[in-house]
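Accompanying notes for the structure given below.
Basis for what follows: all heavy atoms, side chains included, without hydrogens, waters or symmetry-related copies. We name chains A, B, ... by the order of the sequence lines, and we start the count at 1 in each one.
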Amino acid sequence: MPKPLVIVESPTKVKTISKILGSEYIVKSSVGHIRDLPRNTKSIPAEYTKEEILWGAVKPSEFENIYVIPEDRKKVVKELRELADKAPDVYLATDDDREGEAIAYHLKEALELKKEPKRIKFNEITEPAVLNAIENPEVIDIGKFKSYEARRTLDRMIGYEISPKLRDLGGAFISTGRVQGPAIRLIVEKEEERLRFVRSKYFEIEATCKTSDIEFVANLKSVKGNRIASSKDFDKKGKKINKDREYISEKDCNEILKILNSGSAKTSKIKETPRSGKPPKPLKTTSLQSSARNNLGFQPRKTMSVAQKLYQEGLITYMRTDSIRLSEIAIKAARKYISENFTKDHLPNEPNLYGDNKNAQAAHEAIRPSGDVFTEPKELLGKYKEDSDEYKLYSLIFNVTVASQMTEAKGITKSIEIELEDGTFGPIVLGISGTTWVFGGYRDLIKDLSEKSQELPDLTEGDLIDIINSSSEEKFTTPPNRYSSTSLINKLEELGIGRPSTYVSIIESITSVFINSESSLKPRILAIAMINNFMKPYFDLYIDYEFSKLMEDELDKILESNNPEEAKVKFLEDSYSKIKKHIEGYENA
DNA sequence: CAGTGAGCGAGCTTCCGCTTGACTT
C-alpha cells in the first residue's frame with residue numbers, strides 16, 4: 001500500500017512526527033529551502049542567457065523570478081520527488097510563516113506534483129496539534145507566496161544594484177543590502193557618538209560610620225537640600241542638565257570631607273518601601289543569546305550551536321524563534337514542577353502569560369525544555385558533565401522557563417539617611433540602602449547574578465553616628481559602549497531587521513568592516529566612509545532604520561490584496577524606479 | 001626590434017532567508 005508523504009523543514013522534527021502519525025505515513029524533511037534565485041552567473045540556466053536578465057535572476061517583464069535548485073539541494077529534491085510520485089497524497093507541513101509558505105510552494109513546483117498538495121500547519125509538535133492539522137488541510141496561500149517573492153526580489157535588487165557601486169569605491173570585501181546597510185550604520189553612528197562625547201567630572205564621597213557596635217559605609221547623597229550630581233546629570237556634551245542638583249567642585253569636595261571628619265551625625269530618616277521582582281520572560285532567540293552571553297559568557301554563534309545540539313537531542317524546542325509564547329503543555333509542565341518542588345505560594349493562581357511584539361511571525365513557540373514533563377538538569381548529568389556547555393545552556397533554559405511561571409519576589413527596600421548640620425553645606429545627608437527579600441518567589445529558583453546585596457545596620461531614627469573616616473573619588477562620565485555582537489543583534493531585532501535564523505550570519509557578513517573582538521564592534525574607516533560619503537548622500541533610503549518595517553507593511557498589503565501578483569509587480573515597479581533614481585543621482589554627481 | 005600603452009571584452013562578484021553537517025583553523 002502506498003503511503004501519504006508528509007514534508008517538514010527540519011530533519012529533527014521527522015522523528016517526533018513519525019511517532020505521532022505512525023507507520024501509515026512517510027515523514028521526510030526538505031532541510032530548509034530547496035529552490036532559490038541563481039546564486040551566480042554560472043548557475044543561470046542556459047535557456048535564459050540570451051535574454052536580458054536583471055540581477056542575474058529576474059526577467060524584466062512582470063519581475064518574473066528565475067528559480068533554480070542549488071547543486072547541494074538536488075539530492076534531497078530527487079529523493080522527495082521519488083517518494084511523492086508514489087504517494088497518494090502529499091502534505092506540506094513547512095513552518096507557519098512567510099518563508100514556510102514559500103518552501104511549500106517551491107516544493108510543489110520542484111516535485112512537479114500533479115495532484116494539489118495539502119498544506120498543513122502546526123506551531124507546536126503535539127499529538128492533538130498534528131492530528132488536527134492532518135484533518136484540516138488547507139491549500140497553499142498564494143498571497144503569502146507573492147509577499148515572499150516581493151521580499152526576495154527586493155533584497156536582490158537592493159544588494160545587486162548598490163553593492164557594485166560601493167565596491168568601485170571601497171574595493172573587494174565590502175557590500176551592502178537591506179540588512180547589512182543599517183547594521184553597519186548602527187556601528188558607525190555609535191562610534192561617532194563616542195567621538196563627539198565630552199567627558200564630565202563629578203565627585204563621589206563616602207564615609208565610614210560607626211555606632212556603638214557596628215561599622216558601615218554610607219555615601220553622600222545631598223547637601224543644602226539638593227542631591228549631588230552623578231553621571232546621569234550631564235548630557236553627552238558635558239552640559240549640566242539638572243537645575244536642582246549640586247554640582248560640587250573639588251574645593252567643595254575637600255571642605256565637605258573636612259566637615260565630615262570632624263562632625264558628629266545622627267540618623268534622620270529611615271524609610272521602608274515595598275519592592276517586587278518580576279520573573280523573567282520565556283526565551284526567544286535573541287534573549288537566549290543575551291542570557292547566555294551574560295550568564296555563561298557564550299558568544300551568539302556558540303549559543304546557537306550548543307542549542308542546536310540540545311534541539312537535535314530532543315531536549316529543547318526549536319531555537320530559532322521570535323516568539324515568547326509558551327504552549328499550554330509547557331505551562332502545565334512548568335506548574336507541575338513548581339508545585340512539586342516549591343511551596344504553593346510560588347505558584348500563581350493563573351498562569352503567567354506573555355505576549356509577542358508585533359514584528360513577531362511566531363511560527364514556533366518560545367525556547368523551552370521539550371515535552372509535557374520537563375527533564376530536570378540533574379537528570380542530564382549521566383549524559384553531560386556538569387561543566388559542559390550543553391548542561392549549562394540547558395540549565396539556563398530550564399530555569400528561565402520554570403521561573404517565568406512562578407510568582408513575583410517580594411522585598412523591602414530600606415533606606416537610612418544620616419544627617420550633619422553645617423553652616424555652609426548643611427544639611428549634609430549621607431545615605432545607605434539595601435533590599436531584603438521577604439518572599440523569594442521565582443528568585444528561589446534563579447537569582448540575578450549581577451545584583452549585590454548589602455547587609456544593613458539595624459538603626460533607629462535619632463541614633464548618634466560617629467564618622468571615623470571619609471574619602472572622595474574623582475569620577476568621569478563615560479561614552480556609550482560600542483555594540484557587542486549580542487547588543488547589535490538585539491538592536492536589529494528591535495528595528496525589525498533580520499530574522500532569528502540570520503542574526504549570527506549578519507554579524508559574520510559585516511566582519512570585514514570592523515576591527516577588534518566580537519564584544520566590541522569598532523568600525524574601520526572604510527565603514528565610516530561608506531555610510532557618510534556614499535550611503536547617506538546617495539542611498540539614504542536603504543540605510544533608513546525604518547526601511548525594513550516599512551517593507552513589512554507593504555508585504556502585508558500584498559498578502560491581503562485581491563490580486564497578489566499584480567500587487568507584487570506594482571510594489572517592485574515602484575521600488576525599481578526609486579532605486580534607479582538613486583543610482584542616477586549617484587552617477588551624475 | 002623590443003617594449004609600452006590604449007582600448008576592448010570576457011568573466012567574476014554582490015542580496016536575504018530557511019535548514020544541517022562537512023569543512024578548516
Produce a footprint string for nucleotides 17-25 of chain B: one letter per nucleotide, 5' end first; B if the base is under 4.0 Å from any protein heavy atom, S if only the sugar-phosphate is, - if neither. BBBSS----

Would you mind listing every salt bridge (charged side-chain N to carboxylate O under 4.0 Å, His left out) that reaches into [range], with sequence neighbours excluded?
{"range": "residues 176-185 of chain A", "result": "A:D155-A:R178, A:R185-A:E189"}
{"range": "residues 486-496 of chain A", "result": "A:K284-A:E493, A:K491-A:E494"}
{"range": "residues 389-400 of chain A", "result": "A:K302-A:D389, A:K309-A:E390"}
{"range": "residues 577-589 of chain A", "result": "A:K165-A:E587"}

Map every base of DNA chain B to its dot-bracket character, where paired means a Watson-Crick or G-U wobble contact with both distances under 3.5 Å and | marks a partner outside the strand. .........................

Residue of the set A:E552, A:E99, A:E101 for which salt bridge (charged side-chain N to carboxylate O under 4.0 Å, His left out) holds with A:R151: A:E99

[X]: partners by ring pair (Phe, Tyr, Trp, His ring centres under 6.0 Å), with sequence neighbours left out:
{"X": "A:F547", "answer": "A:Y542"}
{"X": "A:F398", "answer": "A:Y337"}
{"X": "A:F122", "answer": "none"}

Can you tabulate the close N/O pairs, meaning under 3.5 Å, that link protein atoms to atoms of nucleotides 11-14 of chain B?
| residue | atom | partner | partner atom | Å |
| --- | --- | --- | --- | --- |
| B:dT13 | O2 | A:R167 | NH1 | 3.1 |
| B:dT13 | O2 | A:R167 | NH2 | 2.0 |
| B:dT14 | O4' | A:R167 | NH1 | 3.4 |
| B:dT14 | O3' | A:S175 | OG | 3.4 |

Quick one: side chain to side chain donor-acceptor pair (under 3.5 Å) partners of A:E124, sequence neighbours excluded? none

Residues at least two apart in sequence or cross-chain that pass side chain to side chain donor-acceptor pair (under 3.5 Å) with A:K114, listed by chain then number, are none

